[in-house]
Amino acid sequence: MLRSLTIQDLAVIERLSLALQAGLSALTGETGAGKSILLDALGLALGQRADAALVRGGAKQATVSATFAPPPGHPVHALLAEQDVVVDEEELVLRRVVGADGRSRAYLNDTAISIGLLRSVGDALVEIHGQHDIRGLLDPGRHRGVLDTYAGLDDALGACRAAYRRRREAAEALEAAEAALAAARAEEEYLRHAVGELDAIAPAEAEETTLAEERALLQQGERLAEGLREALAALQGDSGVEVRLRTAEKTLERLLGQAGEDFEAPLQAMSRAASEAMEAVAVLEETAEKLDRAPQRLEQVEERLFGLRQLARKHRTTCDGLVALHEKLSAQLAALDRGDAEVGGLRDALAAAEAAYRTAADGLSKERRAAAKRLDKAVAREIPELRLAPAVFATLVDEGEDGPEGADRVRFTVATTPGMPAGPLDKVASGGELSRLMLAIKVALAETRGAPTLVFDEVDAGVGGAVADKVGARLAALAATAQVLVVTHSPQVAARGDHHWRVAKLAKADSATTTVEPLDKAGRREEIARMLAGAEVTREARAAARSLLQGGRG
């Protein structure tokens, strides 16, 4: 619901603040008083195009603020969440500032936002129905959503969106797999040759480091072998350490019986030393044996090391990188070998997703066409009452492009003359007819969810008497489910209002200012009498006004 509208330095409005309420609010006033400026101001707050000419003469900028209290669960909350806009307050304050240079800025609860987001939020909160306005039912882009809401297709829409998403994901997976397979086939000869080379050499982790260390050792083999032979000679032979230790050990063993425990510890130490000396000899002999084979092993190590490094240079990587490259190319080759089967499976998955989407979209189409017939009948019941006969309203559901919400294109059309083809609402109906047609459609849609605030601009144009009273009755009926604001010249419509505002222009020496005044019962009676009588309000006009108010809501 629109709670308040504050305007400053906009055209003929110097400063104005309106506190609005639920129900039906009527705005009346003489021609030229500035009623249209109020709608322009609201339009600015809702994201309509800004114009420097709207800034009041002498002012640096014009400012319009509209405060809303959307009900819990209203779609505007989801819209803001999708845009990552966090609003802690229950109220939404839309503010638009237009500079004298024509530049404008938009704010939501004092946070700067884009004009596009302001327009989207405004579209969710307010529908304006007038002769030239495209924010409401005159926008063909809204027609499908209006029909879906009327038909209650939330669950079906959710299923269709999910099916569309799955179809898109299946198509993307197939496209990626086909591209990968095509790329692999283009490199198949290279892959098979490269994997063959890598299979033959079978690189291992950290192998280059191990080979390089062994190579360095083997390159010093002759010098190391000479040193080993000297070490072995020192340990072995008649005067070697091992022989001496064994001799000492045997001597201590003979004396052990005589010396007792005093020789126990030295004997054990001597035994350990002899064992370790023997172990050292064995290790040295093994190493010497390797060094004896050094020339042959060195050749093998260098051949392996050079082979690894050559292959690494060829593939522009390191020797350690050959392991990962081997795994990668082997996986690509395996994928190539099984690629046709995978692509075939993905094609089957896409076909299944396509069938599921078609089922969901066709189901939506069927329900939309049935709802279109119901809506056409509901609008047809209103047409004679609003003096629109012989107009014929028709909801067209045509096949369009596939999308998340099906493949239908929905258009509201009207034929106002028998025998003439139906056409777009704003191209066929005249100004007054169009406003009343918008009212007829909104009455038919009254039980469905929509914008919580509806604005009708001169919906009673060109009618009077009983027809105007029926217009007022239908506006009052709409006000039971939504906040309704109507700009009207009809006393019958104004008398139906729950609230009444009079728009007037006050002329000054060098300027004019528009004011808006809330009317009490006496003020309403006088204003409706003026609307009935014209310039001179008569006793009869006041009596007629009293009668209208008694018959209406006021």
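Quick note: numbers below take in every heavy atom, side chains included, and nothing from hydrogens, waters or symmetry partners. All of these numbers come straight from a predicted model, not from anything done at the bench.
Nearest heavy-atom pair across Ala41 and Val64 is O-CG1, 3.2 Å. Taking every heavy atom of both residues into account, Leu147 and Arg368 meet most closely at CD2-O, 3.7 Å.
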Given the rule in the side chain to side chain contact (heavy atoms under 4.5 Å, CB included) test, do Leu478 and Leu439 qualify, once you have shown the distances and angles that lead to the verdict? CA-CA 9 Å; Leu478 280 179; Leu439 177 57; 3.7 Å; yes
Would you check, one step at a time, whether the test salt bridge (charged side-chain N to carboxylate O under 4.0 Å, His left out) holds for Lys373 with Asp376? CA-CA 5 Å; Lys373 293 179 180 179; Asp376 292 349; over 6 Å; no
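Legend: residues meeting salt bridge (Lys or Arg N to Asp or Glu O under 4.0 Å) with Arg192, ordered by chain and number and at least two apart, are Glu188, Asp337. Under the side-chain contact (heavy atoms from CB on, under 4.5 Å) criterion, Ala360 pairs with Cys160, Ala163, not counting sequence neighbours.
Using a 4.0 Å cut-off between charged nitrogen and carboxylate oxygen, Arg409 and Glu401 do not count as a salt-bridge pair. Between Asp340 and Arg185 a salt bridge is recorded (basic side-chain N to carboxylate O distance below 4.0 Å). Between Glu382 and Arg474 there is a salt bridge, with a side-chain nitrogen of the basic residue lying less than 4.0 Å from a carboxylate oxygen of the acidic one. A salt bridge does not link Glu208 with Arg215: none of the charged nitrogens is closer than 4.0 Å to a carboxylate oxygen. A salt bridge links Glu207 with Arg304: at least one charged nitrogen is closer than 4.0 Å to a carboxylate oxygen.
The backbone N or O of Val397 lies less than 3.5 Å from a partner atom in the side chain of Arg369, making a donor-acceptor pair. Arg105 places no side-chain N or O within 3.5 Å of a backbone atom of Ile115 that could act as its donor or acceptor partner.
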